[in-house]
Amino acid sequence: MIRVVIDPTYECFRDRARELLSANIPPAEVIWTDRDASQFSLLQQESIPAAAPKTIDVPRRYVELAKLVYAHSHPECWHMLYSVLWRILHGDRNLLSVHIDSDVLRLNHMRQEIARDVHHMHAFLRFRRIERNSEEWFVAWYKPDHHVLRLAVPFFVDRFATMRWAILTPEESGSWDGIHLNFGPGVPASEAPTDDSLETLWSTYYRTTFNPARMNLELMRQEMPARFWTHMPELQQLSNVIAEVPARLEAMDRQQATSVTVPDSRDLTILRDAASRCTGCDICRDATQTVFGEGSPHAQVVLVGEQPGDVEDTQGRPFVGPAGDVLRRAMEEAGITREDVYMTNAVKHFKFTRQGKRRIHQTARMSEVIACKPWLEAELDAIRPKAIVLLGSTAAKSLLGSTVRITRDAGKIYRTRYAAHTIISVHPSFVLRSSDDTQSRAVYQRLVDDLRSVRCFVRSTKSEIHSSTAEQLSNSPSVPSLERISSRTR
Ligand code: URA
C-alpha cells in the first residue's frame with residue numbers, strides 16, 4: 001500500500017494522480033490522507049515509485065467534475081475521484097455517462113452537495129466592517145460544510161470588486177484588497193471579529209433592497225436552514241421586517257405610503273417615483289426631497305456627481321446650482337450638450353449642517369453611499385450607457401470602491417459592469433473651491449479633457465459594442481467587474 005498525503009486542492013490531487021497513474025498504481029493500493037489529518041497522526045507520505053511521466057488524456061467532463069468534487073469533506077473523496085479516473089483510463093472512457101453506476105452516482109451526488117454549499121456561502125455569508133491601519137475592511141467568518149472557499153470567492157470578487165474584504169473559514173481564509181486575491185491560514189470562530197458596526201450597514205442595505213412582495217416565508221425556511229440565520233444581521237430584525245410585510249404590501253397596493261424598495265422595473269419614471277419615498281438612510285430626514293437623476297433614458301453617457309447641493313435640494317433637479325454651471329461650461333467646451341447625457345448623483349439627498357441661515361454641505365459617509373447605491377445601479381441598469389463620468393471622490397468610491405483617491409486616480413479609465421468606459425474625473429465644485437486661479441484653471445481643464453475623451457470614445461464605438469462587452473463580463477463569474485483599461489496621459 002502507498003500512503004499519499006495531500007494538500008486539499010484540486011491541483012495537488014491532479015499532480016499526485018498523475019504520478020500514481022504513471023507508476024501504474026491501482027486505486028486499491030493507495031491510501032489518501034489530507035495533510036491536516038496527517039499532522040495529528042504523524043503519518044508521512046510514502047514515496048510514489050518513480051516512473052517516466054505518461055501522457056494522460058483525461059476527458060474534460062471528468063476534469064470539470066473533479067474541480068468541484070475535490071472540495072467535498074467526505075474522507076473518501078480522493079479515493080473515489082482516483083477510482084473513477086482509473087476506470088475511465090482503463091477501458092471505461094464514457095463512464096461518466098453511466099448515471100446508474102454507483103461510483104458515478106456518488107460523485108454526482110457530491111457535486112450537488114458542493115454546489116449547494118457554494119450557494120449557501122454566497123447567500124448567507126455576511127461581512128462586518130472593521131478598520132485596519134485606517135483602511136476600511138469587510139470581514140466575514142463563515143463555516144461551510146465542505147472546503148468550498150476557493151470555489152465561492154470568484155462570486156465575491158465579482159460582486160465586491162471595489163471593496164477590501166476577507167472571508168475567514170476554519171480551514172482557510174481568502175482576502176481581496178481590490179486588486180489581489182490571497183489565501184492564508186484558517187481562523188477559528190473565537191478569533192472572528194465581533195465589531196457589530198457592519199450590522200447597521202447591512203440592515204440598511206437589506207432594507208433598501210428588500211421587496212416584501214418577493215417574500216415567501218415558506219420557501220425561505222426550506223432554502224435557509226436555521227443554522228445559517230445566526231450569520232445574518234438583517235435576520236436579527238427579521239421579525240420586525242416580517243411584521244411590516246402586511247402593512248407594506250397594502251401600502252404598495254395603494255401606491256402611496258412610504259416605501260424604501262428599489263422596484264424590479266427599469267423604467268426611470270417608476271424608479272424616480274419609488275426613490276422619492278426612500279428612507280434608506282438618515283439623510284432623507286432633513287433634506288427637502290429626493291433629487292433623482294435627469295436626462296434621456298437612451299443617453300450614451302451618464303455623469304455621476306456626489307449629492308445634490310442647496311439649490312438642487314430646493315429645485316429637485318441635479319446640477320442646477322453653481323457646480324452645475326461649471327459643469328455645463330465644461331461640457332459645452334467638450335462638445336457635449338445636456339441632452340446628450342443623463343445626470344445623477346451617488347447620493348440622492350442633500351446632507352448638510354446648519355450655520356445660522358446657511359446650509360453647509362457635508363460629505364456623505366460610506367454607509368450612506370452604499371445605502372443609496374441600489375438606486376444608482378438601477379439607473380445605470382435602465383440606461384446601460386457606453387460611458388460613465390464619475391465626478392469626484394464620492395461618485396468614484398460608490399462604483400469603484402473606497403480605495404479610490406482623486407489626486408492619484410483622476411483620468412483613469414475602467415471597464416466596469418456598468419459601462420465599457422468608466423472614467424474618474426474631478427468634481428466641478430473643486431474648480432470653485434480651488435485656492436488660486438492657476439489651480440482652478442488646471443482642475444477645470446482636467447474636467448474638460450475627461451469629458452472630451454468620453455465624447456471621442458462614444459463617437460468611436462458602434463452601438464453594439466457596449467452591449468456585447470457588458471454581456472461577456474457579466475456572464476463570466478471569474479472576470480472581476482473592474483478592469484483597468486488605461487490611464488490617460490495629460
Ligand atoms: N454637486 C453634485 O455632486 N451634484 C449636484 O447635483 C450638484 C452639485
Side-chain angles (χ1 to χ4, degrees), residues 268 271-272 275-276 278 280-281 283-284 286-296 299 301-332 334 336-353 358-366 368-373 375-380 383 385 387-400 402 404-407 409-410 418 422-434 440 443-444 446-448 450-451 454:
L268 287 170
L271 290 171
R272 165 194 292 274
S276 70
C278 182
C281 72
I283 308 181
C284 66
D286 297 325
T288 311
Q289 58 192 311
T290 305
V291 178
F292 203 65
E294 192 179 275
S296 162
V301 179
V302 172
L303 306 183
V304 185
E306 179 199 356
Q307 59 167 309
D310 186 71
V311 181
E312 288 81 7
D313 173 74
T314 315
Q315 295 192 19
R317 298 180 59 204
F319 286 109
V320 288
D325 291 342
V326 175
L327 181 59
R328 222 170 348 274
R329 215 162 22 96
M331 282 164 59
E332 254 168 47
I336 298 176
T337 65
R338 196 162 168 128
E339 290 66 49
D340 293 331
V341 301
Y342 181 90
M343 286 180 180
T344 190
N345 284 298
V347 173
K348 309 282 191 249
H349 283 108
F350 178 36
K351 182 173 179 177
F352 60 91
T353 49
R358 293 180 62 211
R359 302 194 299 173
I360 310 296
H361 161 279
Q362 277 205 308
T363 304
R365 290 203 305 265
M366 202 58 198
E368 292 156 343
V369 175
I370 290 175
C372 215
K373 189 171 170 182
W375 294 113
L376 176 59
E377 287 189 314
E379 288 174 292
L380 294 172
I383 298 165
I388 299 172
V389 186
L390 299 170
L391 298 164
S393 172
T394 303
K397 285 180 176 169
S398 172
L399 292 193
L400 303 179
S402 54
V404 172
R405 297 284 170 275
I406 292 297
T407 40
D409 299 327
Y418 310 105
T422 304
I423 185 166
I424 301 174
S425 190
V426 289
H427 194 281
S429 65
F430 193 21
V431 176
L432 301 171
R433 285 200 321 266
S434 292
S440 172
V443 174
Y444 178 74
R446 175 167 278 203
L447 179 60
V448 173
D450 289 339
L451 290 168
V454 162

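As the structure lists them, so they are numbered: ligands from 1, and atoms in each ligand from 1. Just so it is clear, the model here is predicted, and its values are computed rather than measured. The figures that follow rest on heavy atoms only: side chains count, while hydrogens, waters and symmetry mates do not. Starting from 1, each residue takes its place in the sequence as its number.
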List the atom pairs, donor and acceptor, that lie under 3.5 Å between side-chain atoms in residues 318-329 and the rest of the protein, sequence neighbours left out.
unit_1, atom_1, unit_2, atom_2, d
Asp325, OD1, Arg328, NH2, 2.9
Arg328, NH1, Phe319, O, 3.4

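Considering Val304, Ile406, Leu447, Leu303 as possible partners of Ser425, the one that fulfils the side-chain contact (heavy atoms from CB on, under 4.5 Å) test is Leu447.
Here the CG atom belonging to Asp310 is positioned 8.0 Å from the CZ atom belonging to Phe352, to the nearest 0.5 angstrom. Interatomic distance, Ile388 CD1 to Leu399 CG, rounded to the nearest 0.5 Å: 6.0 Å.
Short contacts between ligand 1 and Pro318, defined as distances under 4.0 Å to a heavy atom of the residue, involve ligand atoms 6 (O). Interface of Gln307 with ligand 1, defined as ligand atoms under 4.0 Å from a residue heavy atom, comprises 1 (N), 2 (C), 3 (O), 4 (N), 5 (C), 7 (C), 8 (C). If you number the atoms of ligand 1 from 1 as listed, the ones under 4.0 Å from a heavy atom of Gly305 come out as 3 (O). Close approach of ligand 1 to His427 (heavy-atom distance below 4.0 Å) involves ligand atoms 1 (N), 2 (C), 3 (O). Using a 4.0 Å cut-off to heavy atoms of Glu306, the atoms of ligand 1 that qualify are 2 (C), 3 (O).
In terms of polar-atom proximity, Phe319 is counted as a contact of ligand 1, with an N or O under 3.5 Å from an N or O of the ligand.
A salt bridge is defined here as a Lys NZ or Arg NE, NH1 or NH2 lying under 4.0 Å from an Asp or Glu carboxylate O, and Asp313 with Arg359 meets this definition.
The protein atom (non-hydrogen) at minimum distance from atom 4 (N) of ligand 1 is Asn345 OD1, 2.7 Å.
Counting heavy-atom neighbours within 6.0 Å of Arg365 CZ, excluding the residue itself, gives a total of 12 or less.
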